[in-house]
Amino acid sequence: ADKLGYAAMGFAMSMFYLSSGLLQTPAGFLVDRLGGKTVLVGGLAVVAGGMLLIGLAPSYPLLLAAFMIAGAGNSVFHPADMAILNARIDPLRLGYAFSLHAVSGNLGWVLAPLFSVAVATAFGWRTAMIAAGAIGLAIALLLVLQPVLRTEVQAKAPGESGRERDGGGLRGNLKVLLSVPVLTCFSFFVFYSMTTVCLQTFSIPAMVGLYGVAVTVATGTLTGYLVGAVAGTLAGGFVASRTRRHDAAAITGILAAMLFVLALASGTLPQAMLFVTMALAGFFVGTVNPSRDIIVRDVTPAHARGKVYGFVYSGIDLGSSVGPPLVGWLLDTGRPQLVFLASSGALFLCAATMLRLGRARH
């Protein structure tokens with residue numbers, strides 16, 4: 001496992017996200033049954049254990065198994081986190097909470113490579129993975145001691161069966177998950193993740209091919225997009241906490257981002273404007289997040305929030321797996337302009353699904 005190529009490691013990451021995506025909805029069922037804190041701590045411990053196994057795996061098949069174990073633990077975070085926030089935060093402050101939750105996740109993505117590269121350079125990649133796993137286990141133990149993470153689990157009434165408590169068993173749960181509002185939420189996450197993963201993954205080669213700029217310049221524009229997204233998420237928290245029309249706030253952000261991505265697709269922007277345009281596109285994409293999460297909350301029955309959040313967030317994994325091959329093919333065929341056009345098209349579909357969600361919510 002020490003001499004693997006990029007393709008082999010890429011496949012291992014695919015197994016991680018496949019495991020995470022498939023298990024998010026079952027993790028949501030566990031959240032509704034056991035409570036957010038129990039599932040969150042257990043999932044973090046499983047992720048940490050998977051990281052330890054990755055660092056210790058003596059062969060490629062065992063490495064794949066370790067990645068899938070880590071992905072299984074990763075599946076709990078969205079349903080557990082959102083259930084805890086909904087249970088413990090005043091509804092009037094949820095916009096701020098969802099905003100900070102998303103920003104802290106982005107900061108984790110930024111800091112993780114810095115940590116892993118530094119440790120791997122000094123001691124090797126296996127040590128870096130083992131260290132990451134040890135930190136995860138330590139944090140899991142710390143979370144056990146945090147009563148603020150507790151969520152109420154619906155108690156069984158006298159004479160009530162477990163099937164009745166869970167919303168009518170399989171049929172009742174499917175009725176919730178396959179309802180029009182929840183399926184529309186799922187569709188939104190698919191289109192939204194297609195936009196974000198394509199811009200984050202392929203904007204650099206697309207910028208080089210369309211505008212003829214140096215790779216360093218294109219990389220700088222992606223940095224602008226990521227920084228803009230963090231700033232937009234913070235701003236979106238203030239907007240979501242000060243409006244009742246979260247659908248209108250989200251649609252405004254989506255359409256504004258779409259206009260800036262279309263401007264990039266024109267191929268006519270001066271080089272000095274590329275960074276600004278990408279940063280503004282990221283900013284308006286980020287403003288959508290808090291309002292989006294509140295809308296999902298509003299169209300979800302209180303007893304089913306864990307499973308619904310798990311189901312709709314699994315749309316991120318689907319969009320992340322479908323979008324890159326399509327956009328990569330567009331680049332391979334020598335049409336970098338279509339990368340931005342495809343991203344703007346996905347944003348348009350986001351706006352359409354958000355409009356449908358707004359109507360269902362009201």
Taking the side chain from [X] and the backbone from [Y], do they hold a donor-acceptor pair closer than 3.5 Å?
| X | Y | answer |
| --- | --- | --- |
| Thr277 | Phe260 | no |
| Arg356 | Cys185 | no |
| Asn74 | Ala70 | no |
| Thr287 | Phe284 | yes |
| Thr353 | Cys350 | yes |
| Ser104 | Leu100 | yes |

Next on the checklist: Under the criterion side-chain contact (heavy atoms from CB on, under 4.5 Å), I'd like the reasoning laid out for Gln24 against Tyr309: C-alpha separation, chi angles, the key distance, then a yes or no.
Outcome noted: CA-CA 8 Å; Gln24 274 202 59; Tyr309 273 112; over 6 Å; no
Looking only at non-hydrogen atoms, find the nearest pair between [X] and [Y] and report the distance.
| X | Y | value |
| --- | --- | --- |
| Leu255 | Ala351 | CD2-CB, 3.9 Å |
| Leu143 | Leu44 | CD1-CD2, 3.8 Å |
| Gly36 | Ala80 | O-CB, 3.7 Å |
| Thr268 | Ser266 | OG1-OG, 3.0 Å |
| Gly319 | Ser193 | CA-OG, 3.2 Å |
| Thr195 | Ser343 | OG1-O, 3.4 Å |

Checklist outcome for this item: Given the options Leu183, Val182, Leu178, Thr184, Val180 meets side-chain contact (heavy atoms from CB on, under 4.5 Å) only with Thr184
Checklist entry - Counting only heavy atoms not in Phe123, do more than 12 fall under 6.0 Å of its CZ? => result no
Honestly curious: do [X] and [Y] fall in one hydrophobic cluster under the side-chain, below-4.5 Å linking rule?
| X | Y | value |
| --- | --- | --- |
| Phe283 | Tyr192 | no |
| Ile139 | Val144 | yes |
| Val215 | Leu210 | yes |
| Met15 | Leu53 | no |

From [X] atom [atom1] to [Y] atom [atom2], the distance as rounded to the nearest 0.5 Å:
| X | Y | atom1 | atom2 | answer |
| --- | --- | --- | --- | --- |
| Leu18 | Met68 | CG | CE | 5.5 Å |
| Ser344 | Leu349 | OG | CG | 10.0 Å |
| Ile84 | Lys37 | CD1 | NZ | 9.0 Å |
| Thr25 | Leu30 | OG1 | CG | 11.5 Å |

Next on the checklist: For Met354 and Ile295: C-alpha separation, side-chain torsions, deciding distance, then whether side-chain contact (heavy atoms from CB on, under 4.5 Å) applies.
Outcome noted: CA-CA 9 Å; Met354 185 57 65; Ile295 290 174; 3.3 Å; yes
Item to check | Of all pairs that satisfy side-chain hydrogen bond (donor to acceptor under 3.5 Å, both in side chains), the ones with a partner from residues 42-52, not counting sequence neighbours | outcome: none
Item to check | All pairs passing side-chain hydrogen bond (donor to acceptor under 3.5 Å, both in side chains) where residues 206-233 contributes a residue, at least two apart | outcome: Thr233-Asn289
Checklist entry - So, Asp293 versus Tyr313: side-chain donor-acceptor pair below 3.5 Å or not? => result yes
Next on the checklist: Can you tell me how the ring of Tyr96 sits relative to the ring of Phe238, calling it parallel under 30°, perpendicular over 60° and tilted otherwise?
Outcome noted: perpendicular
Checklist entry - Can you check side-chain contact (heavy atoms from CB on, under 4.5 Å) on Arg292 and Phe98, steps first, answer last? => result CA-CA 9 Å; Arg292 169 204 70 189; Phe98 288 152; over 6 Å; no
Checklist entry - If you group Ile, Leu, Val, Met, Phe, Trp and Tyr whenever their side-chain heavy atoms sit less than 4.5 Å apart, what else falls in with Leu234? => result Val103, Leu107, Val230
Checklist entry - Would you say the side chain of Leu274 lies within less than 4.5 Å of the side chain of Leu264, judging by non-hydrogen atoms? => result yes
Checklist entry - Is any side-chain heavy atom of Phe186 less than 4.5 Å from a side-chain heavy atom of Leu318? => result yes
Item to check | Residues Leu262, Phe340; criterion side-chain contact (heavy atoms from CB on, under 4.5 Å); working and verdict | outcome: CA-CA 7 Å; Leu262 284 173; Phe340 296 112; over 6 Å; no
